[in-house]
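Input: a single structure, listed below in structure tokens.
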Amino acid sequence: MSLSGSSLPSSSVDPWTPFLEAILDGMVAAGQTCGVAFTREAIVPQLSLDEGVEGEVAFPCHRVAAAAKRSALELATALAAAFPPSPLLRSVSAKGAYVNVRVDPESLTRSTLELVLSRGNRYGHGEPAGPPVAVEHTSANPTGPFHIGRVRNGIIGDTLARVLRASGTPVTTQYYVDDMGRQAAMVTWIWSKPRESWPEPIRKAVEGEEAPEEKPDRHWGRPYPAVSAYLKEHEDAREEVSLLVQQIESGEVPQEHRKLAESILKGMLESLARLKITFDEFVWESELVRDGSVNRVFERLRACPHAIQETNGAWAIDASSYGLPKESTHLVFQRGDGTSLYIARDVAYHLAKFARFARVLDVLGQDHQLHARCLNALLEEIGESRRPEFVIYQDITVPEGGRMSTRGGSAVWLDHLLAEAVDRARAEVLARREDLADSDVDRIAEAVATGAVRYHIVRAAPDKPVVFRWEDALSFEGRSGPFLQYSFARASGVLRKGEALQPPYPFDAARLSHPDEATLIRIISRFPRTVAYAARTGHVHAVAGYAHELADQFNRFYHAVPVLRSTEERSSRIALVAAMRQTLGNALDLLGISPLEAM
RNA sequence: GGGCGCGUAGCCUAGUCUGGAUAGGGCACCGGGUUCCUAACCCGGCGGUCGAGGGUUCAAAUCCCUCCGCGCCCGCCA
């Protein structure tokens, strides 16, 4: 890994900073001796950390050598020889064209453990900085329960918000509730009719499946797929829905409409809450219509040079000069009947966000990518210079091929997945522990199940398509959420039995010299850098990978090195376990996975 | 057809933004480990030259071009 910018983080948040300072000072001094001038700013991005053959920090000399018209091998040797000694660095050597620096392990151990133990649950976090950022994610239409494909948005978005907050950025998360569009209107349309008068296919699709006391999203959303299919075939019904859309948008809103949307949303949010996904704010699309924002957007767009009106009264922007695909240069923003299209409302929504936030982040599925570009085109058209930043993720597909589809019957419901995961987790807990109270079994099973599901989704890079397989999603071993929880529980067990759940943790860095200890400390020391990287790039899956690496090395250490049974190393090792537990706990928090003291 | 994304061992995946020294993990498979702090664990082994081809470079999984495969989008739906 290389560093993100040309400057170093504050030493109050990153244990590596003093060592990197020492390396930079040494490099500059050695450069002067050898007749090559380079600045710290030039060196920083070239340093490669935690890599290399025989050093923790390596500096490849090819570039400077080429600039100085010298041999890279010769220069590496000369630089290493001229490198002034530092108490923080154990050795500096040349190998090939590389200068390899090993930091003093005791100093790094001290620097790391002190920082972790003093910062506690702030370890890994940056210093508060930067302007306020809005993160919009999930924003699923309130038409029925979540399937796992939709939840990927929320898991990525919520993790991104957590990571950004940890990096120091003030974040507000928003769920954009689309209660104005056709989709939501379809739900109201069917429920506004007496059940007896529902078209046959819709009634049939719903009948016999309902459970008493089912969640509101399940209940009220049940007819939606059938309605959607029905409308494709029935022009008259489509017209009824169009009429309803007009009524809703003009404010003659049947009270029922908002209540239905709220009710379904409530059920949806209940499921998300189990995954620890919550929101700071909900922005109801109907409010943007009611407060005139959408109308103001209409006025601004109609006044634009590329605005055109169709013969039936619809308005569009000719966006052919914006580099969009040829087929989507005709951007209709207002229907012939005067109602708004999603893109017009989305412009209004983004203007509202720009008014409050310096940066606007939208988490979007790849199917919305073209829409995102069209949105940018309209923002440009009305003279808005700011742009949202899009975090695009790929779909979750099913093994048979294709996206998860509610209508096609290929959707895997989040609630179903969680129920299955809880069942399996409970069986695992019961197989291992006979001493637990029922309430503890329930609590652990819920944590394991939700941790497994959340980790399974967040571990993949957003731009990687994910094929949903039950056996993978329900895996509790290897690279999984439960493995992280298990490792945390193990560390907790050690501290509990050592009666060391509270600080202070006195330690002697010289006593932590076992190779598995050194490796563990290196990984712990990398956490702040990892969080900063994830926040900067939006690669939140880097945190998932990091947490696994940390837990993995902890287990290796656990097997190789006795803690409570050791004598002169005991307190130092307890301190190391406490630091690892703190770091893993902080990582779990960023991932939205519940830590477990025991399992 | 056009646009966008993806393509790393039998399967899944990190690394690609910012090119650097033997491409990290996990699953599966084979062989070991529990009188000892939780075996949802650990140790060892097997297996990849990074879709194909060209180019740039001292150096390419990483940058550029072409091609192939897969996915998504191309609505007065969202």
Side-chain angles (χ1 to χ4, degrees), chain A residues 1-5 45-46 48 51-54 58 60-63 65-66 72 95-98 100 139-141 143 178 181-184 186 228 242 310 312-316 323-328 332-337 339 341-343 345-346 365-371 373 392-395 397 401-403 425 428-429 431-433 448 459-461 463-467 469 471-472 475-480 482-483 485-487 489-498 536-537 539 541-542 544-545 548-549 552 555-556 558-560 562-566 573 577 598-599:
Chain A
M1 182 187 237
S2 60
L3 292 159
S4 41
Q46 288 191 60
S48 96
E51 288 169 41
V53 176
E54 53 180 41
C61 296
H62 312 85
R63 236 184 295 256
K95 171 130 187 184
Y98 297 82
N100 291 309
S139 301
N141 290 336
T143 54
D178 179 3
R182 287 187 74 86
Q183 271 82 345
M186 279 153 60
S228 179
S242 294
E310 314 282 316
N312 70 351
W315 281 87
L324 297 167
K326 287 190 284 293
E327 301 80 5
S328 52
V332 179
F333 59 87
Q334 187 175 23
R335 293 190 184 98
D337 66 9
T339 56
L341 262 65
Y342 171 54
I343 194 158
R345 304 191 295 266
D346 211 19
Q366 70 155 336
D367 54 332
H368 281 63
Q369 200 160 20
L370 182 58
H371 170 262
R373 293 175 61 191
I392 305 290
Y393 65 93
Q394 302 293 307
D395 295 308
T397 61
R403 279 203 294 172
E428 291 288 331
V429 176
R432 287 159 220 274
R433 302 283 301 265
V448 167
R459 51 177 264 173
D463 53 12
K464 210 80 151 167
V466 169
V467 178
R469 292 192 181 84
E471 63 270 30
D472 293 344
S475 167
F476 297 163
E477 293 171 5
R479 235 199 119 179
S480 71
F483 173 68
Q485 291 168 314
Y486 178 73
S487 307
R490 255 190 170 169
S492 302
V494 171
L495 298 181
R496 195 164 50 241
K497 294 196 174 169
R536 179 176 61 84
T537 60
H539 292 182
H541 62 288
H548 177 260
E549 206 182 332
D552 202 30
N555 283 295
R556 223 166 275 156
Y558 179 89
H559 279 276
V563 178
L564 300 180
R565 284 178 280 110
S566 61
R573 286 179 178 164
V577 172
M599 60 190 283

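Numbered from 1 within each chain, the chains take letters A, B, ... in sequence-line order. On a predicted model such as this, the values are computed, not experimentally measured, just so you know.
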Nucleotide of B/C58, B/C6, B/A14 approaching A/A461 most closely (side-chain heavy atoms): B/A14
For A/E477, side chain to side chain donor-acceptor pair (under 3.5 Å) partners two or more places apart: none
Mutual orientation of the aromatic rings belonging to A/H539 and A/H541 [parallel < 30°, tilted 30-60°, perpendicular > 60°]: tilted
Below 4.0 Å: OP1/OP2 of B/A14 and any side-chain N or O of A/K464: yes
Nucleotide of B/U38, B/C36, B/C77 approaching A/Y558 most closely (side-chain heavy atoms): B/U38
Residue A/N100, side-chain heavy atoms: nucleotide from B/A21, B/C76, B/U38 that is nearest: B/A21
Listed nucleotide nearest any side-chain atom of A/D463, set B/C6, B/C72, B/C37: B/C6
P-based separation of B/G69 from B/A52 [nearest Å]: 15 Å
Interatomic distance at C1', B/A23 relative to B/G54, whole Å: 23 Å
Heavy-atom check, side chain of A/V448 versus side chain of A/E428, under 4.5 Å: no
For A/Y393, ring-ring contact (aromatic ring centres under 6.0 Å, His included) partners two or more places apart: none
Partners passing side-chain contact (heavy atoms from CB on, under 4.5 Å) against A/V429 (at least two apart in sequence or in another chain): A/L436, A/V441, A/I444
Beyond-backbone contact of A/V494 with A/L564, side-chain heavy atoms, under 4.5 angstrom: yes
With sequence neighbours excluded, residues passing salt bridge (Lys or Arg N to Asp or Glu O under 4.0 Å) with A/E310: none
Identity of whatever pairs with B/C67 - Watson-Crick or G-U, under 3.5 angstrom: B/G51
Euclidean distance for P, B/C4 against B/C67 (whole angstrom): 13 Å
Whole-Å C1' distance, B/C76 and B/U66: 40 Å
Contact list (N/O, under 3.5 angstrom) for nucleotides 23-33 of chain B vs protein:
residue, atom, partner, partner atom, Å
B/G26, O2', A/R479, N, 3.4

Pair of N/O donor and acceptor under 3.5 Å linking B/A39 base with A/N555 side chain: no
Partner residues of A/A542 under the side-chain contact (heavy atoms from CB on, under 4.5 Å) criterion, sequence neighbours left out: A/Y533
Separation between the P atoms of B/G48 and B/G24, rounded to whole Å: 13 Å
Nearest-nucleotide 5' precedence on RNA chain B, A/Y342 against A/S487: A/S487
Phosphate contact (B/C72 OP1 or OP2) by A/H368 side-chain N/O below 4.0 Å: no
Salt bridge (Lys or Arg N to Asp or Glu O under 4.0 Å) involving A/R433 - partner list, sequence neighbours excluded: A/D435
Partner nucleotide of B/G1 by Watson-Crick or wobble geometry (both distances under 3.5 Å): B/C74
Whole angstrom value for the distance that separates C1' of B/C73 from OH of A/Y393: 14 Å
Phosphate OP1/OP2 of B/C37 contacted by A/R573 side-chain N/O (<4.0 Å): no
Toward the 5' end of RNA chain B, by each residue's nearest nucleotide, A/H539 or A/H62: A/H539
Nearest listed nucleotide, side chain of A/P465, among B/U38, B/G3, B/C6: B/C6
Which pairs, protein N/O on one side and nucleotides 60-71 of chain B N/O on the other, fall under 3.5 Å?
residue, atom, partner, partner atom, Å
B/G71, N2, A/Q366, OE1, 2.9

For B/C27, the Watson-Crick or wobble counterpart (both distances under 3.5 Å): B/G10
P-based separation of B/C64 from B/C17 [nearest Å]: 9 Å
P atoms of B/G25 and B/A14, separation to the nearest Å: 15 Å
Separation of B/C6 C1' from A/H541 NE2 (nearest whole Å): 14 Å
Rounded distance in Å between the C1' positions of B/A9 and B/A28: 12 Å
Candidates B/A39, B/C37, B/C12 - which lies nearest the side chain of A/V494: B/C37
Any donor-acceptor N or O pair under 3.5 Å, side chains A/S492, A/R496: no
Non-neighbouring partners of A/R403 that pass salt bridge (Lys or Arg N to Asp or Glu O under 4.0 Å), sequence neighbours left out: A/D367, A/D395
